Amino acid sequence: MGASCYRVLALDGGGIRGLVPAEALKTLEAQMGKPVSEIFDLVAGTSTGGILALGLTKPDALGQPQFSAADMCELYLQEGATIFPHSLLEELETLHGMADSRYPSGPIERILEQRFGEVMLSQALTEVVIPSYDLSAPGPYFFKREYAKNQAEDWDVSMALVARATSAAPTYFDPAVLPAASGGAEHALVDGGTFANNPTLAGYVDALRLKREIPRVVVVSIGTGLPPQTPGSGPIPVGVAEVRAFGLLKWARPILEVVLDGASKAVEYQMQAIQMAHPETLGYYRLQSDLPTASHALDDGSAANCAKLVADAQTMIQQSAGVLEQIYAELA
């Protein structure tokens, strides 16, 4: 890989909507003729984006990438309904996620163990930055290959556990448990989207430290879809009177969407501002879909909705042809 720029890929959280960036990366790999782990120096991913980041940097027995972006697309298509099983009984028992986690953790843990096995974070084929949030500290918790390779053994955990921790969305899944380090206590970890649903800034900050003498950083950031743009249908209620009537119970579910949407858009604004101030040292490219046909829900893994997500991703790719040509040129 040339040293003209340090290349960063950032992948948003968004549950089943991870199909959108997975489809975009399938196109990128086909165009570049190389796997993601060879195209980029660092991959940052939150929640579903973290699962993608880990899958695309997981080595096989020969040290080559085990999964292509096309393979990761198939993971969503094959397992989406298993990870998010819709059951009227469970909906009633959990009060739609307000009395208990909406989905059992068993299926997603089994799927992650099948895909990642015993491979450790330190074995990732390129640098990775995977945000989670530690309820036990409390505070942000970043899983990084750099930490796993160069710091105490406590930082090196299985990719399956990292994937589980970054995607443990509150109200959807129980927290992941990180075993106690020497002389410490267990950690209860939840979805990194609680503070970094768009991990672009986290990846960029690490790139500034890791790039050494390389003068330019190129960042490709891919979202999982905008909230509905119709007034009144987005994550934040529009009516002032309605919001005033919201108490703890009514805010329980929408507050997560507010956090995810707000965090992502704030980072997008910050990255655009940095690029405008330093265009010679930062190339920043953002791909995002407005989801013209698919559901915005994080957990609609039905075959019909997955087909719509794929179609919406293809629409995004077609509409972003000019931006993609710039990306291909920067990464070549």
Side-chain angles (χ1 to χ4, degrees), residues 5-15 17-25 28 40 42-50 52-53 128-133 140 142 166 169 191-208 216-231 233-236 254-292 294 296 298 309 312-313 315-317 319-327 330-331:
C5 64
Y6 191 92
R7 302 162 175 86
V8 176
L9 173 65
L11 304 168
D12 285 18
R17 301 190 334 247
L19 249 175
V20 174
E23 282 288 327
L25 291 173
L28 179 65
F40 295 96
L42 182 152
V43 183
T46 298
S47 194
T48 194
L52 271 174
V128 293
V129 176
I130 313 291
S132 185
Y133 188 86
F142 289 94
T166 191
D191 199 308
T194 52
F195 72 97
N197 196 53
N198 177 343
T200 306
L201 199 56
Y204 176 60
V205 167
D206 264 30
L208 293 178
R216 182 172 170 81
V217 177
V218 173
V219 179
V220 178
S221 175
I222 311 179
T224 59
L226 290 169
Q229 301 301 293
T230 304
S233 63
I236 305 175
I255 192 63
L256 180 61
E257 290 189 355
V258 171
V259 170
L260 299 183
D261 180 56
S264 293
K265 289 178 178 174
V267 168
E268 190 169 352
Y269 166 79
Q270 290 159 349
M271 290 299 300
Q272 289 172 345
I274 295 170
Q275 183 182 39
M276 289 180 65
H278 304 283
E280 70 287 350
T281 59
L282 172 62
Y284 168 63
Y285 303 92
R286 175 72 167 168
L287 298 177
Q288 182 65 290
S289 169
D290 58 6
L291 298 182
H296 180 258
L298 306 178
L309 286 166
D312 288 353
T315 298
M316 177 189 75
I317 291 165
Q319 294 175 343
S320 305
V323 175
L324 286 169
E325 287 301 323
Q326 295 178 56
I327 292 172
E330 288 261 38
L331 299 178

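The structure presented is a predicted model; accordingly, all values stated were derived computationally and were not measured.
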Exercise. Can you measure from CG (Leu42) to CZ (Arg7) and round to the nearest 0.5 angstrom?
Key: 13.0 Å
Quiz item: Between atom CE of Met271 and atom CE of Met276, what is the distance when rounded to the nearest 0.5 Å?
Solution: 13.5 Å
Quiz item: Regarding Thr46 and Asn197, is there a side-chain donor-to-acceptor distance under 3.5 Å anywhere?
Solution: no
Quiz item: Between Phe142 and Phe195, does the ring centre distance come in under 6.0 Å?
Solution: yes
Quiz item: Where is the tightest heavy-atom contact between Ser264 and Asp12, given as atom of each residue plus distance?
Solution: OG-OD2, 4.0 Å
Practice problem: Test salt bridge (Lys or Arg N to Asp or Glu O under 4.0 Å) on Arg17 and Asp312 and set out the steps. | Solution: CA-CA 10 Å; Arg17 301 190 334 247; Asp312 288 353; over 6 Å; no
Quiz item: Nearest 0.5 Å, what's the OG1-CG distance between Thr224 and Leu287?
Solution: 12.5 Å
Practice problem: Indicate the atoms forming the closest heavy-atom contact of Glu330 with Tyr285, along with that distance. | Solution: OE2-OH, 2.8 Å
Quiz item: Once you round to the nearest 0.5 Å, how far does CD of Gln288 lie from OG of Ser221?
Solution: 8.0 Å
Exercise. Decide yes or no for Gln270 and Gln272: does some side-chain heavy atom of the first lie under 4.5 Å from some side-chain heavy atom of the second?
Key: no
Exercise. Can you measure from CD (Glu268) to CZ (Arg286) and round to the nearest 0.5 angstrom?
Key: 5.0 Å
Quiz item: When rounded to the nearest 0.5 angstrom, what is the spacing between CD1 in Ile274 and OH in Tyr269?
Solution: 10.5 Å
Quiz item: Would you say the side-chain atoms of Thr194 pair up with the backbone N or O of Asp191, donor to acceptor, closer than 3.5 Å?
Solution: yes
Self-check item: Evaluation steps, side chain to side chain contact (heavy atoms under 4.5 Å, CB included), between Leu226 and Asp261
Solution: CA-CA 8 Å; Leu226 290 169; Asp261 180 56; 5.7 Å; no
Self-check item: Option passing side chain to side chain contact (heavy atoms under 4.5 Å, CB included) with Ile222 (candidates Leu52, Leu28, Asn198, Leu25)
Solution: Leu25
Quiz item: Between Thr281, Val217, Val219, Val218, which is the residue that forms a side chain to side chain contact (heavy atoms under 4.5 Å, CB included) with Cys5?
Solution: Val218
Quiz prompt | Nearest atoms (heavy-atom pairs only) where Pro131 meets Pro199 | solution = CG-CB, 4.3 Å
Quiz prompt | Closest contact, heavy atoms only, Val129 versus Ala202 | solution = CG1-CB, 4.4 Å
Exercise. Over all heavy atoms of both residues, which pair between Val20 and Ser289 is shortest? Give the atoms and the distance, please.
Key: CG1-CB, 4.3 Å
Practice problem: For Ala207 and Val8, work out which heavy atoms get closest and say how close. | Solution: CB-CG2, 3.6 Å
